[in-house]
Amino acid sequence: MMNMKRLIAQAVSASVLAMSLTATAIPVHAQTLLNATFEEGLDGFGPRLNESVTQSSTVAYEGSYSILVSDRTESWNGASFSLGRDWTSGESYSFSCAVYQKSGAPITMQLSLQYDDDTTTNYVQIVSETVPDGEWTILSNTNYQIPEGATNRSIYIETTGEEKCDFYVDSVFSGSAGDKPGPVEPPAPTYRKGDVNHDDKIDSKDLSAVVNFLLCKDEGSSVNLDSADMNKDDKVDAVDLTMLRQLFIYPNLTSTTTTTTTTTTTTTTTKPQQSQRIPGKFTNVADISWIKAQKVVALSFDDGPFSGQDGQNAASIQNTLTENGFHATFFYWGQHIQNNPNEIKEAEKRGFEVANHTWSHPQNWGSMDASSVRREYEQCKQELDKLVGEDRVYLLRNPFLAWSNNISSGLSEVPMPNCGIDSKDWDRNSTQGIVQTVQQAAQSNRLDGQVVLMHENYSTTAQAVEQLCPWLKQNGYAVVTVSEMFKFHNKELQGGRKYDSCW
């Protein structure tokens, strides 16, 4: 019967052929209080304000119809359903629904409860999940207690943050507490999205396999399309690597929606939606969809690229960051570029931020006139542009952290991350000393939003990064680029200014 319903849905709308279904299915409840399939209409759902909620045959989780929520002006605009006397305040129930969106990138969606108490109207989350682009995802909480004394209760489906995209909802259920979702038909043999090497787990080996594949270091023998193609566009690229990092760092956020079949789709999405660069102006185009930690820190590395042993230390740092699913910013010294230009290309492919550290790293940087400052920046910029393949305004790390009005006026469009926390690796600080510097900042609540100064050529730094990455992850941090950190905290990077942090 289920297969027949899905065949009917596909006949109604050709776009259903592009859907990817998760293996988690809607539960069938012993005591069903709500069973909205939208085959006959809206089943009691409607808009929260002035948004549009309509029956749609464009896509469906099962059957021929879902509801489309469109014309949204706020993230809380969504489909709403009033809970009648069948639900008792203070009691626990199971809630679930299927949601689908085509914004071009993963977004967070949630099923929420609105209710009144004696004094206020309250809005609380029932369940929240990361919803990939073009893939039905289940929001499910099998044991949610409606607050004691709650009145005027309604459930609604919304997005979080600033997302205002259209979305679809299907198969909304509520029943007795404890009912668990389960497949309604035997699933085909599958591997989880992200299990790139098909060893039934997602770990650093999967990340390394994708990185090596993207860098053409192997023929892809350990990369399987069905589980490496995270966004289902029939290829493996940097977007899939970013999504894999997110899944690797935050497995619990997608634990109910990460199983995928080997069915290919016709989805045309190639990368997350993001801001477009404006010529001659710094534009923060960072993709922060992978960051779900509550705290972020920008480790940044100066003076590369290097060859020989120094180059091996730099490679170790980049590999450690990648294996932990993290990003960082690398400030490149123009005269060093010829030593190892491939390092910069690899940094770009891995999602790291390529930045400018002037052409010659002049000793008198703080006393140079504005035109000389501009020449130093531009000469390094031209070489970086050749390697990344486009004209950019790069972030600048001032040599010796020197600062002057001439620097600000000569580079009025260039933001300049400085140093919030100095690892002092340049001053022969030991591996343990570097680790303790960062850990002590975290333990005193001074690390979130900070720019950390490091250098890529020291073995002590490479060893410290190996220790710090897992420790930071365990303590609720994500290591990100400078641009990602500012966007994550909704802060602007302005030209002609220096920043020790995003605060």
Side-chain angles (χ1 to χ4, degrees), residues 22 24 26 34 36-38 42-56 58-61 65-83 87 93-117 120-142 144-147 150-174 181 246 250 252-254 256-257 272-273 288-289 291-292 294 488 490:
T22 65
T24 305
I26 291 292
L34 172 63
T37 62
F38 310 114
L42 298 182
D43 289 341
F45 278 79
R48 298 194 69 206
L49 189 61
N50 296 322
E51 65 274 36
S52 174
V53 177
T54 57
Q55 187 186 44
S56 173
T58 301
V59 291
Y61 179 80
Y65 295 95
S66 62
I67 54 172
L68 168 63
V69 183
S70 58
D71 301 322
R72 303 172 64 238
T73 59
E74 300 291 344
S75 62
W76 49 264
N77 292 158
S80 178
F81 177 86
S82 178
L83 299 182
W87 289 266
Y93 299 92
S94 179
F95 292 93
S96 61
C97 65
V99 291
Y100 179 96
Q101 58 88 19
K102 286 288 295 179
S103 67
I107 65 172
T108 301
M109 298 186 64
Q110 63 187 42
L111 178 62
S112 303
L113 174 71
Q114 176 180 332
Y115 70 94
D116 294 338
D117 57 23
T120 60
T121 299
N122 302 276
Y123 310 91
V124 294
Q125 177 192 111
I126 298 174
V127 59
S128 176
E129 290 285 355
T130 298
V131 179
D133 174 74
E135 181 174 322
W136 281 104
T137 300
I138 306 304
L139 308 182
S140 178
N141 186 336
T142 62
Y144 178 77
Q145 183 179 23
I146 299 176
T151 60
N152 298 325
R153 306 155 306 176
S154 61
I155 59 171
Y156 59 97
I157 300 96
E158 60 181 333
T159 57
T160 63
E162 300 299 320
E163 297 291 348
K164 303 181 183 69
C165 63
D166 296 351
F167 61 84
Y168 298 85
V169 180
D170 200 0
S171 301
V172 186
F173 288 88
S174 180
Q246 176 182 343
Y250 313 109
N252 292 333
L253 291 178
T254 52
T256 63
T257 61
Q273 290 181 338
I288 60 171
S289 63
I291 305 172
K292 294 298 181 291
Q294 297 300 310
F488 178 84
N490 199 27

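The structure presented is a predicted model; accordingly, all values stated were derived computationally and were not measured.
No side-chain N or O of T137 forms a donor-acceptor pair with one of E129 less than 3.5 Å apart.
Taking CD1 from I138 and CG from D170, the interatomic distance works out to 9.0 Å, rounded to the nearest 0.5 Å. Here L111 contributes atom CG and I126 contributes atom CD1; the two are 4.0 Å apart, rounded to the nearest 0.5 Å. Atom-to-atom distance recorded for I67:CD1 and F167:CZ is 8.0 Å, nearest 0.5 angstrom. Between L68 atom CG and E51 atom CD the span is 11.5 Å, to the nearest 0.5 Å. In this structure, the separation between CG on N152 and OH on Y115 is 12.5 Å, given to the nearest 0.5 Å. Note that NZ of K102 and CG of D166 are 13.0 Å apart. Values are rounded to the nearest 0.5 Å.
Here the closest heavy-atom approach between residue V169 and residue V172 is recorded as CG1-CG2, 3.6 Å. Shortest non-hydrogen contact noted between G104 and D133 is N-OD1, 2.8 Å.
The side-chain hydrogen bond (donor to acceptor under 3.5 Å, both in side chains) analysis of residues 67-76, with sequence neighbours excluded, yields the pairs R72-T159, T73-N77.
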As a quick check of understanding, evaluate side-chain contact (heavy atoms from CB on, under 4.5 Å) for Y144 and V127, giving each step before the final call.
CA-CA 9 Å; Y144 178 77; V127 59; over 6 Å; no
Run the numbers on V99 and I157 for side-chain contact (heavy atoms from CB on, under 4.5 Å), then give the verdict.
CA-CA 9 Å; V99 291; I157 300 96; 3.9 Å; yes
With side-chain contact (heavy atoms from CB on, under 4.5 Å) as the criterion, how do F173 and L34 come out once you've worked through the C-alpha distance, each side chain's angles and the decisive distance to 0.1 Å?
CA-CA 5 Å; F173 288 88; L34 172 63; 5.9 Å; no
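A donor-acceptor pair is defined here as one N or O able to donate and one able to accept, closer than 3.5 Å; such a pair exists between the side chain of S174 and the backbone of S94. With hydrogens and angles disregarded, no donor-acceptor distance shorter than 3.5 Å links the side chain of S80 to the backbone of Y156.
Shown here are the ring pair (Phe, Tyr, Trp, His ring centres under 6.0 Å) partners of F38, two or more places apart in sequence or in another chain: F45. The side-chain contact (heavy atoms from CB on, under 4.5 Å) test applied to T108 returns S128, T130, T160, K292, not counting sequence neighbours. Scored by the side-chain hydrogen bond (donor to acceptor under 3.5 Å, both in side chains) test, E163 finds no partners at all (sequence neighbours excluded). Residues satisfying the side-chain contact (heavy atoms from CB on, under 4.5 Å) criterion with L83, sequence neighbours excluded, are F81, W87, F95, L113, I146, R153, I155. Residues passing the side-chain hydrogen bond (donor to acceptor under 3.5 Å, both in side chains) test with Q101, sequence neighbours excluded: S103.
Ring-plane geometry between Y100 and W136 is classed as tilted, the angle between the planes lying from 30 to 60 degrees on a 0 to 90 degree scale.
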